[in-house]
Amino acid sequence: MASNIRVRIAPSPTGEPHVGTAYTALFNYCLAHSANGKFLLRIEDTDQTRCTPGSEESIFKALRWLGLEWDEGPDIGGPFGPYRQSERLPIYKEHAMQLVEKGSAYFCFCTQERLAKMQEKQKAEKKNLGYDGCCRLIDPTEAGKRAHAGEPHVIRLKVEKSNNETTTFFDEIRQKDVTYNNIEIDDQILLKTDGFPTYHLANVVDDHLMRISHVIRAEEWIPSTPKHVMLYKAFGWDMPKFAHLSLLRNADKSKVSKRKNPVSLNWFRAAGYTKEAIINFLGLLGYSSGSASERFTISDMLNGFSLDRISTSSPVFDLEKLKTLNEEYIRGYSLDGYIQYMKDTIDFAARHLSPIMSEVQKRHKIGLGFNVWTDMFFKTELEYTANDFITKETNKKQVEDTLSALAKAIDAFGKKIPTAQDFEECIRIYTDTSGLDARSTLMTVRVAITGSQTSLPLYESMALIGKDRCVQRIKQAVAYVRSIR
RNA sequence: GGUCCCAUCGUCUAACGGUUAGGACAUGGCCCUCUCAAGGCUAAAAUAGGGGUUCGAUUCCCCUUGGGACUACCA
């Protein structure tokens, strides 16, 4: 007997599958499966500039690996498809136009330049940020003509703010109303110049058309929920229930980030974390069943699952606890299970490290000896040795200066994902200008990045480790060198 | 800055008005032991502060403080 409960996980195919996606998926999955409902997967690829090839497939694989199977989705279809937003463009456009006709949305012809200027001015005057409503003044028929004539435009939500209106929604996890004054709410863009919808429009339209009953998503969405509420009202649709999961955090309490924590599900899998441990751990962070045992599977969670038992405070993602759970699960495997786990891990790790595996092969002496070379990819903190940094040719200050400068240089890549060549060029500059000779500079970097004077080729390793973790390691190395007496 | 969310050991949490504030991870000590793991025992460790409400507040309300998120033609 199917219930009316329908929930979804809606990841964006940008980069590696994120542990936060699994966290959100887990609770969605639990609600659906504890109540005989449906769990759907929808790909939110409305920002074409951020989508990366292979990411979608990678998300599917990672979620399936964890056992978070979906009932409807882009790869398996379902009665409310398509489940990829880029394939639903006409739907959003049509709905956006509906809102314009109803007077709940309007065309905006402001240029990026004008918007930037406006924002600058608001900042300078310390006023609250947000669109100033300039294009609200344009006569609707006039605006319609201009848009029709092909003038670049967006469609904005017309937030009613004349009479001190407020917008409220009930949060099923916090078990309370959350209220916003409409004055605080921006006239959000619904349809972009390129004809793609923003998250706000696409998410509301799809959730409605896909009959979503509960929107369970991360806490960062709380401030935009009132906009969604207004959209439901403008369309005249029934509202789903809302539930916001607290954010996973780094040890310093900031939102969990790859700069400070491993966050890629692929990394966890390649590093040998078991799916059971990850699920158990994520469950532990956000949920307590009230039962005595801290060891549980997804099906254990289903028993008596309830949104109001999900915690409201944001947990620190404590890798130590995960490691302990992982040990326990490995120990609990049958011998066959253990062998299977090893096969899977080696297979996955080798593929994960494929760009550098031929280099590992050259150095492979016997047995499972590839670990000797690849372990450093899966450590969160390296164990440095003073003598590796301070040699005949180098002193403390030189090493410190070189590494500090390099950290800044790598940071300067910004959003770019640097390749091995990029790293090489970046480091070359420092071998030319630093006080150290090239050989010593490179050795210093090698030790900082890999933890050893003997390692796989440096630039390729750095590319695989990734910009953020490289910077993190170099900073840790600087701190270590500083601590040497 | 503004808005909103959150607040129990270092960390994850239990206690949904009455407990010596419980457990787990990590940490220290001890035991077991051919090494290392594992296992057993044990120690230290928390209700952010101030006001209310109540016979009684970790629990309900308010203020302060602290932390976080959001503040994009990103999601």
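Atoms considered below: every heavy atom in the structure, side chains included; atoms not considered: hydrogens, waters and symmetry mates. Every chain is numbered from 1, with letters handed out A, B, ... down the list of sequences.
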Quick one: which of [options] gets closest to the side chain of [X]?
| X | options | value |
| --- | --- | --- |
| A:Tyr180 | B:C6, B:C4, B:A69 | B:C4 |
| A:Arg174 | B:U13, B:C5, B:C4 | B:C5 |
| A:Pro315 | B:C74, B:A69, B:U13 | B:U13 |

Contact class for [X] (heavy atom, under 4.0 Å): base, sugar-phosphate, or nothing?
| X | result |
| --- | --- |
| A:Gln119 | sugar-phosphate |
| A:Cys51 | nothing |
| A:Val178 | sugar-phosphate |
| A:Phe196 | nothing |
| A:Thr46 | sugar-phosphate |

Is the count of non-hydrogen atoms from other residues, nucleotides or ligands lying under 6.0 Å from A:Lys323 atom NZ greater than 12?
yes
Atom CG of A:Asp75 with >12 non-hydrogen neighbours under 6.0 angstrom
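Correct, the count exceeds 12.
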Should [N] form a Watson-Crick or G-U wobble pair with both distances under 3.5 Å, which nucleotide is its partner?
| N | answer |
| --- | --- |
| B:G10 | B:C25 |
| B:G18 | B:C55 |
| B:A44 | none |
| B:U33 | none |
| B:U71 | B:G1 |

Give a yes/no on whether any side-chain N or O of [X] is located under 4.0 angstrom from OP1 or OP2 of [N].
| X | N | value |
| --- | --- | --- |
| A:Ser224 | B:C70 | no |
| A:Lys176 | B:C4 | no |
| A:Lys253 | B:U11 | yes |
| A:Ser288 | B:A14 | yes |
| A:Ser311 | B:U13 | yes |
| A:Thr324 | B:A26 | yes |

Considering only NZ, NE, NH1 and NH2 on the basic side and carboxylate oxygens on the acidic side, decide whether A:Glu220 and A:Lys255 come within less than 4.0 Å.
yes
Residues A:Glu160 and A:Lys233 bridged, charged N to O under 4.0 Å
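No salt bridge links A:Glu160 with A:Lys233.
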Which whole-number value in Å describes the distance from [X] [atom1] to [N] [atom2]?
| X | N | atom1 | atom2 | value |
| --- | --- | --- | --- | --- |
| A:Arg42 | B:A75 | CZ | C1' | 12 Å |
| A:Arg249 | B:C6 | CZ | P | 12 Å |
| A:Tyr131 | B:U71 | OH | P | 19 Å |
| A:Gln122 | B:G2 | CD | C1' | 12 Å |
| A:Glu220 | B:C6 | CD | C1' | 15 Å |
| A:Asp186 | B:U3 | CG | C1' | 12 Å |
| A:Asn203 | B:A75 | CG | C1' | 10 Å |
| A:Glu120 | B:G1 | CD | C1' | 17 Å |

Could you measure between the two [atom1] atoms, the one in [N] and the one in [M], and give it in whole Å?
| N | M | atom1 | value |
| --- | --- | --- | --- |
| B:A75 | B:G39 | P | 48 Å |
| B:A72 | B:A21 | C1' | 46 Å |
| B:G2 | B:A43 | C1' | 48 Å |
| B:C61 | B:U53 | C1' | 7 Å |
| B:A15 | B:U71 | C1' | 38 Å |
| B:G52 | B:U58 | P | 15 Å |
| B:U19 | B:C62 | C1' | 28 Å |
| B:A44 | B:U54 | C1' | 35 Å |

Salt bridge (charged side-chain N to carboxylate O under 4.0 Å, His left out) with A:Asp206: which of A:Arg8, A:Arg211, A:Arg42?
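So, applying the salt bridge (charged side-chain N to carboxylate O under 4.0 Å, His left out) to A:Asp206 and each of A:Arg8, A:Arg211, A:Arg42, only A:Arg42 qualifies.
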Taking the six-membered ring of A:Phe109, is NZ or CZ of A:Arg146 closer than 6.0 Å to its centre and within 45° of its axis?
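Output yes; distance and angle both within limits.
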When the ring centroid of [X] is compared with that of [Y], is the distance short of 6.0 Å?
| X | Y | value |
| --- | --- | --- |
| A:Tyr333 | A:Tyr329 | no |
| A:Trp65 | A:Phe268 | no |
| A:Phe317 | A:Phe281 | yes |

Below 3.5 Å is the cut-off: list the nitrogen or oxygen pairs between protein and nucleotides 32-43 of chain B, distance only.
unit_1	atom_1	unit_2	atom_2	d
B:A38	O3'	A:Arg331	NH1	3.2

Using side chain to side chain contact (heavy atoms under 4.5 Å, CB included) as the criterion, point out the one residue from A:Asn203, A:Val205, A:Val204 that pairs with A:Asp207.
A:Asn203
Both A:Gly130 and A:Lys192 contact RNA chain B. Which one's nearest nucleotide lies toward the 5' end?
A:Gly130
Taking for each residue the nucleotide of RNA chain B bearing the nearest heavy atom, is the 5' side occupied by A:Glu184 or by A:Arg156?
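Checking each residue's closest nucleotide, the 5'-ward one belongs to A:Glu184.
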Answer yes or no: side-chain N or O of [X] and base N or O of [N] forming a donor-acceptor pair under 3.5 Å.
| X | N | value |
| --- | --- | --- |
| A:Lys321 | B:A24 | yes |
| A:Thr312 | B:C6 | no |
| A:Glu294 | B:G23 | yes |

Candidate list A:Gln122, A:Lys121, A:Arg114, test side chain to side chain donor-acceptor pair (under 3.5 Å), partner A:Asp132, passing option
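The passing option is A:Arg114.
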